[in-house]
S.K.: 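This is the structure, below, for whatever I ask next.
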Amino acid sequence: MKNSKQKIDQFIKAVKIVKNNFLEKVGEHKAIIHIYTHLDADGLSSGAILGKALFRENLPFQITVLRQLEKEEIEKISNNIREIKQFLIFTDFGSGQYLELQKQLIIKDNFSSYIILDHHLPQNISSEEDIDLIREIYENSYQWHINPYFFGFNGSIEISGAGLSYFFAKCLNEKNIDLSSIALIGAIGDIQNKGPNKSFLGLNSLILEDAKNSGLVDIKNDLNFSSIKPLNEAIAYSKEINLPGLTGDINKTLIFLQTLGILMENSKGEIRTLNDLNNDEKQKISSGIIEYASVKLDIEPSKIVEKLIINRYLLKNEVIGSELYDASEFSNLLNACGRTNSASLGIAIAMGDRKRAYQKSQEILLNYKRSLVKSLRWLKDKQKIQQKEYIQYFFGEDTIPDKIIGTIASMLVFGNGEGFDKSKPIFGLAIREDENVYKVSGRAHEYIVNKGVNLSQLIRDVCKQLNLDVLGGGHPPAAGTKIPIDKAEAFLESCNIEVRNQLKNQ
Ligand code: C5P
Ligand code: ZN
């Protein structure tokens, strides 16, 4: 077992090797650099970090955002490289498809001008425990492939795609240390701040040190509610804290806050936000909620504190009170752009645009939030979640589009869980209009992942069993793929059996 310093040193050395390979090839070919990245907050942050770093080196680049690096996309890329000379960077995906990339680019086209900076489990690897296989992949691909599992880091919590892009950028030029805050936004987008009170773990905590040392980020202990929504709404609609009697009811929550002695309106008659409160008022709310939870709901005070008090990562260069000031709201804004066909706006904002792109994003954010609320309400009111013995599932039908089916599944599993059973994984299926397939998103709570459920492995195994010619995978708690429409029933039944097997084999 390597200690943490050895792991970090080895990782940094490996980044240097990939950077040297990159510089050598880019210098040789004088080719345009084509960055391919994923459409979520982590992917957009990765694209922005790399774009900014290349811009600073005067290297011409172009960014393409994809919903996933699927076989068809890889084929398109392979056709494209024959027409235009280019160097490719895959970030926030690529590891889960590295064999396909090798087949289509190196073997078919003798094209090796690409690198992968990704944190997902590599293709053919089912878990971080497949140490021998992981080492073999590392040895065969270390010149063009950076993946945290090669060094004993867990890619689902210790580093994101944006983090890997950041280490690459910093290796290219120390100046890029100012992109550390964007790397944290990416990690938050992938729900990686999973240490106690939402702290960062592993390589992410090194990025946080960089961001703090360069005066970009402040950490503040705060209540775990939105800092920009009216406070009663923030508490009643908290995605993470469930307080029966208050949750879902803004009027009762308003009365609750008033009885704690909190003045709820500002001088303009608007309901105040968490940002408007002073420390004493926050202290009152915190004690009030702890008392409410322990006396009325019989929850251990330490359990509620763990969730109630969090580290908030504040971006010191942003306007106080704007959603860009709070890294987690920033990340939400990027997700909103990526998942509503406005990825380029998100990248522009992450690269520093505070005018046109930022203004345009406000409406996008509002609509995005509305569509999430509408989707969740529809699922609940119409009781759309169906059960099998070991899994649960839902279809998006005409209400939940494929681009947000994963976000909805995440909110159910990783959110406050009101009325939702977290003891089984969930699969969301939504039709992709342009392709006649279902996009599938699977999510499992940590509690069952610790019991042996691994959705990345499960999705790959099930696709293989059904002979589906598709790529799939991700992380143990969150994975995806796509399947032909007529295979949905068989797919779900196989998932049901596989979950049973995974739990049995533990
Ligand atoms: O698409 P969805 O949000 O459900 O994906 C969950 C996780 O699985 C994401 O991290 C995504 O990048 C990953 N994934 C993957 N390969 C796929 C589909 C999803 O690695 N074919
Ligand atoms: Zn990611």
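Quick note: numbers below take in every heavy atom, side chains included, and nothing from hydrogens, waters or symmetry partners. These numbers come from a predicted model, not from an experiment. In listed order, ligands and their atoms are each counted from 1. In this chain, residues are counted from 1 in sequence order.
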S.K.: Check Glu70 against ligand 1 and report side chain, backbone, both or neither, counting heavy atoms closer than 4.0 Å.
M.R.: neither
S.K.: Any N/O/S atom, side chain or main chain, of Asp118 closer to the Zn ion (ligand 2) than 2.8 Å?
M.R.: no
S.K.: I'd like to check Glu70 versus Val470 (side-chain heavy atoms, cut-off strictly below 4.5 Å). Are they in contact?
M.R.: no
S.K.: The Zn ion (ligand 2) is nearest to which N, O or S atom of Asp42?
M.R.: OD2
S.K.: Quick check with a 6.0 Å cut-off and a 45 degree axis cone: is Lys424 positioned over the face of Tyr393's six-membered ring?
M.R.: no
S.K.: Assess whether a salt bridge exists between Lys108 and Glu100, defined as any Lys/Arg side-chain N lying under 4.0 Å from an Asp/Glu carboxylate O.
M.R.: no
S.K.: Of the backbone atoms (N, CA, C, O) and the side-chain heavy atoms from C-beta on, which set of His38 has a member under 4.0 Å from an atom of ligand 1: side chain, backbone, both, or neither?
M.R.: side chain
S.K.: Below 2.8 Å, can you find an N, O or S atom of His119 next to the Zn ion (ligand 2)?
M.R.: yes
S.K.: Students should be able to answer this: which protein heavy-atom is nearest to atom 15 (C) of ligand 1, and at what distance?
M.R.: Gly473 O, 3.1 Å
S.K.: What protein heavy atom sits nearest atom 19 (C) of ligand 1, and how far off is it?
M.R.: Gln68 NE2, 3.4 Å
S.K.: Any N/O/S atom, side chain or main chain, of Asp40 closer to the Zn ion (ligand 2) than 2.8 Å?
M.R.: no
S.K.: Decide salt bridge (charged side-chain N to carboxylate O under 4.0 Å, His left out) for Glu72 and Arg67; before the verdict, give the C-alpha distance in whole Å, the side-chain angles of both, and the deciding distance to 0.1 Å.
M.R.: CA-CA 12 Å; Glu72 297 80 352; Arg67 53 194 176 189; over 6 Å; no
